[in-house]
Amino acid sequence: MTRSEQIVLHWFRRDLRLTDNTALHFACEQSTQVIPVYILSTWSGEHRFTGPMRQDFLCGCLKSLNANLAAKGSRLVLREGDPAAALISLARETGAKAIYYNRDPDPHGRLVEKRLASEIATNGLRSFAFDDVTVHTPSEVLTVAGQPYRIFTPYSRAWRLVPKKSLLPPPRISELDSRNFPGGKLPNGLPLPDLSRWALSKEGSIIEPGERAARRRMNAFLSEPILRYAQLRDLASEEATSRLSQDLRFGLISPRELHTKAVALLENPGLDASEIRSIQTFLTELIWREFYFALLWHYPEVLEVEFNPKFRRIPWVTNNEALARWKEGTTGFPFVDAGMRQLLATGFMHNRLRMITAMFLTKDLHLDWREGEMFFMQKLVDGEIASNNGGWQWSAGTGADAAPYFRIQNPWSQSSRFDPEGRFIKRWVPELRDVPFASLHQPPWNGPLARGYPMPIVDHAAERQKCLDMFASR
DNA sequence: AGTCGGTTCGG
DNA sequence: CGAACCGAC
């Protein structure tokens, strides 16, 4: 394509940033005018895969993206409905000849791209798609036989050996100025959305959205906490995780940039062994994210069934009362309830608590992991289909390289290991504020722990045994 | 990215 | 008699 007088669209999707954005970079490089567009969804009320917290974060990100574009002399053009139809009609209105976008590797994203590709061909338009959501695409990390990996450790070994692309140059003024983003000439669009668009209302308060806040979090984490990540990340009351999951989910930061910067820290000669181990532990977490994207790419059926065919006939129980108690955080297991209430109040849950609450749902209550998977998607700001499914199947013991079914976390001993003084529990379950912390780590033998706090809904030791029997008989 | 129940070992 | 270790699930 020649650069002269070429108008193109950049379709923003889950890449809500200007920095190191692959499709946006090439759109700017290969055209003279880039029209930035985002297509809003039109559903209303309940949604299987999202909810108010994540939609609210999205609204904040769009507002921030619009402001960042305005600083370059442009603005975000918002349209709605079927992306293929909306993009084609916007291209027709503006005389754009091509649509640039970053691929969304989840099944829904792939479907939309397929429709766009087929409709675009009959409209005299071109599209240019780029890989941007992960450091490596699923097809870049395969066994020597060309098969997808099904076990994490060999996957991660192969992943590390794949050559890494270099980062895109920081955007030059000329690529992002008003010649590329001609604000005055942009077509009209919808106003920036708020939750009323989907007939939702907000409950609780979420982390700050937008590229600037995300970059601040990334730089803060890389400047120091990453060096203690291995020792502290599992402690519930230490805020020692990276807190970057929602930023990767919405593409507020580039996974390549995060990876490159973390690897660069390893070159620092002043590091001691535990600091090196911490950086490597964090890199391993990034690779888990890539592993789950690859699994969902190669095995999209995991959204419906257990990855491991051996466990597709587990008789998961239906118990609406128990499910409701789990959802609202009133199971009588302090650590489980604290995690669930953190989720309800903030749209976030500490990773250790995600495992514990998930194992509690599947191994203590014997409820279907798909119920928990859906609930997490509806509540989590960082809800990512691939990682969420991978995590749930891991916890349920049904997944690729999952926890063996007999590895069952004990919610009482987990809290004594990872919240010894009960600080996390007391923060999120205020009824328990005055309970001596030692009492939080064992089943109460003497009536409720506190007024207004329920007795445990099940006996962990007994349910653990039931679970072992249920799986062993498969 | 387990827990449990059993055994061994040292004070 | 508790901590450390070990195999089984």
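All values below come from the heavy atoms of this structure, side chains included, with hydrogens, waters and symmetry mates left out. By convention in this document, chain letters (A, B, ...) are assigned in the order of the sequence lines, proteins followed by strands, and residues within each chain are numbered from 1.
Atom CG of A:D364 is separated from atom P of B:dG2 by 15 Å (rounded to the nearest Å). Nucleotide B:dA1 holds its P atom 10 Å from the CG atom of A:N351, rounded to whole Å. A:F360 places its CZ atom 22 Å from the P atom of B:dA1, with the value rounded to the nearest Å. In this structure, CZ of A:R407 is placed 9 Å from P of B:dA1, rounded to the nearest angstrom. Whole-Å rounding puts the A:Q465 CD to B:dT3 C1' distance at 12 Å. Remark: C1' of B:dT3 and NZ of A:K363 are 12 Å apart, rounded to the nearest angstrom. Taking atom CE of residue A:M359 and atom P of nucleotide B:dG2, one finds them 7 Å apart after rounding to whole Å. Rounded to whole angstrom, the span from the CG atom of A:N410 across to the P atom of B:dG2 amounts to 13 Å.
Of all nucleotides present, only C:dC9 satisfies the Watson-Crick or G-U wobble test against B:dG2, with each distance under 3.5 Å.
Among the nucleotides B:dA1, C:dC9, B:dT3, the one closest to the side chain of A:W288 is B:dA1. When each of C:dC9, B:dC4, B:dA1 is scored by its nearest atom to the side-chain atoms of A:F406, the top-ranked nucleotide is C:dC9. Of all nucleotides listed (C:dC9, B:dA1, B:dT3), C:dC9 comes nearest to the side chain of A:L468.
In summary, of the residues considered (A:F128, A:F130, A:F12, A:W11), a ring pair (Phe, Tyr, Trp, His ring centres under 6.0 Å) with A:Y101 occurs for A:W11 alone. Partner of A:D132 under the salt bridge (Lys or Arg N to Asp or Glu O under 4.0 Å) criterion, chosen from A:K165, A:R17, A:R103: A:R17.
Backbone-only engagement by A:S413 is indicated by non-hydrogen atom pairs under 4.0 Å involving sugar-phosphate atoms exclusively. At a threshold of 4.0 angstrom between heavy atoms, the contacts of A:R354 with the nucleic acid are absent.
Within the 3.5 Å criterion, the main-chain N or O of A:T50 finds no donor-acceptor partner in the side chain of A:Q55. A distance-only check finds a donor-acceptor pair linking the side chain of A:S278 to the backbone of A:A230 [under 3.5 Å].
Phosphate proximity of B:dT3 to A:R417: present, with a side-chain N or O under 4.0 Å from OP1 or OP2.
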Let's go through A:S245 and A:E384 carefully: what are the C-alpha distance in whole Å and the side-chain angles of both, what is the deciding distance for side chain to side chain donor-acceptor pair (under 3.5 Å) to 0.1 Å, and is it a yes or a no? CA-CA 9 Å; A:S245 48; A:E384 178 77 79; over 6 Å; no
